[in-house]
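Below is one structure, written out as structure tokens, with a few remarks after it.
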Amino acid sequence: VDAAFIGEVDQFAQVVADRKHAGRADEDEGLVAGIALAEHERGRIAREMHDVVAHSLAVIIAQADGARYASIDDPERAREGLTTVSGIARSALGDVRVLLAGLRHREDIGPQPTLDDLAGVIAAIRASGLPVEVDLGDPPPGVPVGLQLTVQRIVQESLTNALRHGRRDRPATVRLRWSAESVEVTVDSALDPARPPSGIAGHGITGMRERARIAGGDLDISTGERFLVRAMLPFHLASSAPSVELS
């Protein structure tokens, strides 16, 4: 056999081997990217599920307890409490259905909470017996929807913790401080010594930290006589984002 022919065969075999190796590398890279995407999505759904379920159940428990105590002496108050329970449960069921649909499809389904939804969260916490003082500031137009979701969820989780572990005779405070490039979120509440939190490493706290980190910011929590949550979140204004109107 001609030596030149053997050399061409060897060269062709090397090209085939190189292409197979490159194909395997591409497959490995695609597998790693797919695993990372799946893990990110799993974490997102876990955070959303926790925030929806934990907040809703905390409000439902508080309202149901209040209605039970008021059922004899104040039937009208009991009916109002049960109406709130019904509304919160229906809203939570809708949110859970959206999350479950997201497990079946890669794209997001349904609208995500925005700053406008803070009013409903605060109203539910107040109706459950915890006074809340609010200063939402003056957000600039075009706040990105992703940032609105992050702020809404951090405030919701912080108030849920205040409802579960805070003193009902002292108000929790919610403050948003806006600049052209960032927002500072502060939620402060007085802890009830009779209902102390089990720690600061639970799913809700972890979820808040993850949300802040994904948004490019940071979140600090301090405990003692008070439970203080402070997050600093940067953003870039998006003119195409929906406008924000807070009451």
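Only heavy atoms go into these numbers, but all of them, side chains included; no hydrogens, no water, no symmetry mates. Not measured: the values here are computed from a predicted model.
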Show me the donor-acceptor pairs within less than 3.5 Å that the side chains of residues 224-235 make with the rest of the protein, sequence neighbours left out.
unit_1	atom_1	unit_2	atom_2	d
Arg226	NE	Asp188	OD1	3.0
Arg226	NE	Asp188	OD2	3.1
Arg230	NE	Glu184	OE2	3.3

Sequence neighbours left out, cut at 3.5 Å: what donor-acceptor pairs do the side chains of residues 129-136 make with other protein atoms?
unit_1	atom_1	unit_2	atom_2	d
Asp135	OD1	Gly137	N	3.2
Asp135	OD2	Arg177	NH1	3.0
Asp135	OD2	Arg177	NH2	3.2

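Distance check: Glu210 CD to Ile205 CD1 gives 12.0 Å after rounding to the nearest 0.5 Å. Residue His165 holds its NE2 atom at 10.5 Å from CG of Asp192, rounded to the nearest 0.5 Å. A distance of 11.0 Å separates CG of Asp220 from CE of Met208, quoted to the nearest 0.5 Å.
Among all heavy-atom pairs drawn from Gln152 and Asp117, the shortest one is NE2-CB, 4.1 Å.
For the pair Val151/Leu149, no side-chain contact is recorded, criterion being any heavy-atom separation below 4.5 Å from C-beta on. Between Val183 and Val143, the closest side-chain pair of non-hydrogen atoms is not below 4.5 Å. Counting heavy atoms from C-beta outward, Val174 and Leu159 have side chains that approach closer than 4.5 Å.
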### Message
Show, in sequence, the C-alpha distance, side-chain angles and deciding distance for Ile154 and Ser158, and conclude whether the side chain to side chain contact (heavy atoms under 4.5 Å, CB included) test is met.
### Response
CA-CA 6 Å; Ile154 288 176; Ser158 299; 4.2 Å; yes
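Side chain of Arg209 to main chain of Leu219: a donor-acceptor pair is present (N/O by atom type, distance under 3.5 Å, no hydrogens or angles). Distance alone, capped at 3.5 Å, is enough to place a donor-acceptor pair between the Thr150 side chain and the Gly146 backbone. At least one donor-acceptor pair under 3.5 Å links the side chain of Gln148 to the backbone N or O of Leu115.
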